[in-house]
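Residue numbers start from 1 in every chain, and the chains themselves are labelled A, B, ... in the order their sequence lines are given, proteins ahead of strands. Hydrogens, waters and symmetry mates are skipped; everything else that's a heavy atom, side chains included, is used. Small disclaimer: the values here were computed from a predicted structure and weren't measured.
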2 protein chains.
Amino acid sequence: MAVRKNYNLSPSMEDYLEAILNVADPSGIARSRDIAATLEVAKPSVTGALRQLAKKGLVNYKPYGCVTLTTSGAVLAMKVAKKHDIIKSFLTEILGVDGPAAQDAACKAEHLLDVSIVSKMSHFTNFAKTRAKKGEDIMHLLKRFSAAGRAGK
Amino acid sequence: MAVRKNYNLSPSMEDYLEAILNVADPSGIARSRDIAATLEVAKPSVTGALRQLAKKGLVNYKPYGCVTLTTSGAVLAMKVAKKHDIIKSFLTEILGVDGPAAQDAACKAEHLLDVSIVSKMSHFTNFAKTRAKKGEDIMHLLKRFSAAGRAGK
DNA sequence: TAATAAAGTTAGGTGAACCTAACAATGGCT
DNA sequence: AGCCATTGTTAGGTTCACCTAACTTTATTA
C-alpha cells in the first residue's frame, strides 16, 4: 500500500503547485516569473513559496536553478488541477454558470471541497451527460432549469 | 434605491457576524463567550473582531456591554446564513452529501461563492423538488445518482 | 457587603502570506 | 570578454487572524 503522507498544504501552497504544473515547459521546468505572473504575486513571494515546497519535498529547487515538481509534488498538483476541472465542469454544465465565473469559483473551491464531494460532482456531471446521450430527459430538464436560472430572479 | 455599501468583509468577519446571529438570545443579545465557543477561538479574538465590526457599523459594541447586530449587520449576517443554508441543502439534497460533511463544506463555501452561483443552486434545488412533486422523474434519477455516488469510487 | 467565580479586555507575541526596494546571478549579444 | 537586461534573491516591513498570560469588570451568592 502506498505511503500516505499528510502534507498539510495551505490553499496558497496548493495554488503554487498548480501554477507550476500549468506553466511548466514540455520538460517540466517552470520559471519563477511565470509562476508570479499566473498567481499575480510579486517575485519574492514565489521564492518564499518554493523554499517551503522544497522543504516538504514537493519541488526541486536550488537558488537560481530551474524549478520542477517532484513526483509527490506532481501527484498533488494534478489532484488540485483535477478538482479544479471537475468543479468548473459541474458549474458550467450542470448549474449553467458562465465560463469566467465558473473558473473563478473553481479556483477558490478546489482548496476547500474535499474529495468525496468533488467526486460526487464528477459522477453527477457524467451521469447527466450519459443519460442525455441515451435520450433520457434529464439534460432537457436541466437546460430548462439553466435557462430560467440565467434569466434572473 | 437602497444605499449599497461595500463592507469588504473577510471570511473571518463574516463568520463572526453569522455566529452572532446564531447565538443571540431572543432579544438579539449575544455573549462573547458563546461566539468564542461557536467559532472555536479564544476570547481575545472575539474582542478584536467585535471592535472591527463595530468600526464598520455592523455591531453595537461597548467594552463589557452587551453585543447586538446593527440593522446593516443583521442584513449581512442573514445573507451569509442564507447562503449557508442554500449550499447545504444543495449538497445534501442534490449531491447526496451527508449532513456533517455538507455543513462543513457550506461553512467554507459560503464565503467564496458569489450570489449568482448560490442563486443557481437554490433554483436547482427548488426546481428538482417541484418536478418531483409533479411526478416528473428528475428526483428519481437524482436519487439513483445519489445511491451510486454514495457507494463510492 | 465582601469574596469569588465568570466573563471580557489589554498587552504582547506568533506565523502565514503578502509587499517594496535593493542587491546578486544568469544568459545573450556585440 | 565584458556589458546589460532579465530573472531571481535578500532584507525588512505590513496586515490579518490568531494565540497565551495577566488583568479588570461584572455578576453571584454566602
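If you take NZ of Lys62(A) and P of dT26(C), they are 13 Å apart, rounded to a whole angstrom. When the P atom of dA16(C) is taken as reference, atom CG of Asp15(A) falls 17 Å away, rounded to whole Å. Atom pair Met13(A):CE and dA16(C):C1' shows a separation of 8 Å (rounding to whole Å applied).
Between His84(A) and Cys107(A) there is a side-chain heavy-atom pair separated by less than 4.5 Å. Two residues are said to be in side-chain contact when any heavy atoms from C-beta on lie closer than 4.5 Å; Met121(B) and Ile87(B) meet this criterion.
Remark: nothing in residues 18-38 of chain B comes within less than 4.0 Å of DNA chain D through any heavy atom. Listed in residue order, the members of residues 41-51 of chain B having a heavy atom less than 4.0 Å from DNA chain C are Lys43(B), Pro44(B), Thr47(B).
Using modelled atom types, no side-chain atom of Ser89(B) and backbone atom of Ile86(B) make a donor-acceptor pair closer than 3.5 Å. Of the possible polar contacts, one joining the Asn126(B) side chain to the Ser122(B) backbone as a donor-acceptor pair under 3.5 Å is found.
Grouped with Tyr64(A) in a hydrophobic cluster is no other residue, since no side-chain heavy-atom contact under 4.5 Å to another Ile, Leu, Val, Met, Phe, Trp or Tyr is found. Through direct or indirect side-chain contacts shorter than 4.5 Å among Ile, Leu, Val, Met, Phe, Trp and Tyr, Leu58(B) is connected to Tyr7(B), Leu9(B), Met13(B), Tyr16(B), Leu17(B), Ile20(B), Leu21(B), Val23(B), Ile35(B), Leu39(B), Val41(B), Val46(B), Leu50(B), Leu53(B), Val59(B), Tyr61(B), Val67(B), Leu69(B), Leu76(B), Met78(B).
The NZ atom of Lys120(A) sits 8.5 Å away from the CD1 atom of Ile117(A) when rounded to the nearest 0.5 Å.
Checked against salt bridge (charged side-chain N to carboxylate O under 4.0 Å, His left out), Lys88(A) has no partners two or more places apart in sequence or in another chain.
Boundaries of the chain A contact region on DNA chain D are dT7(D) to dT10(D), first to last in 5' to 3' order (nucleotide atom under 4.0 Å from a heavy atom).
No side-chain donor from either of Thr70(A) and Asn60(A) sits under 3.5 Å from a side-chain acceptor of the other.
One hydrophobic cluster, built from ILVMFWY side chains closer than 4.5 Å, cannot hold both Leu112(B) and Val80(A); they sit in different ones.
Residue Tyr61(B) places at least one side-chain N or O closer than 4.0 Å to OP1 or OP2 of dT9(C).
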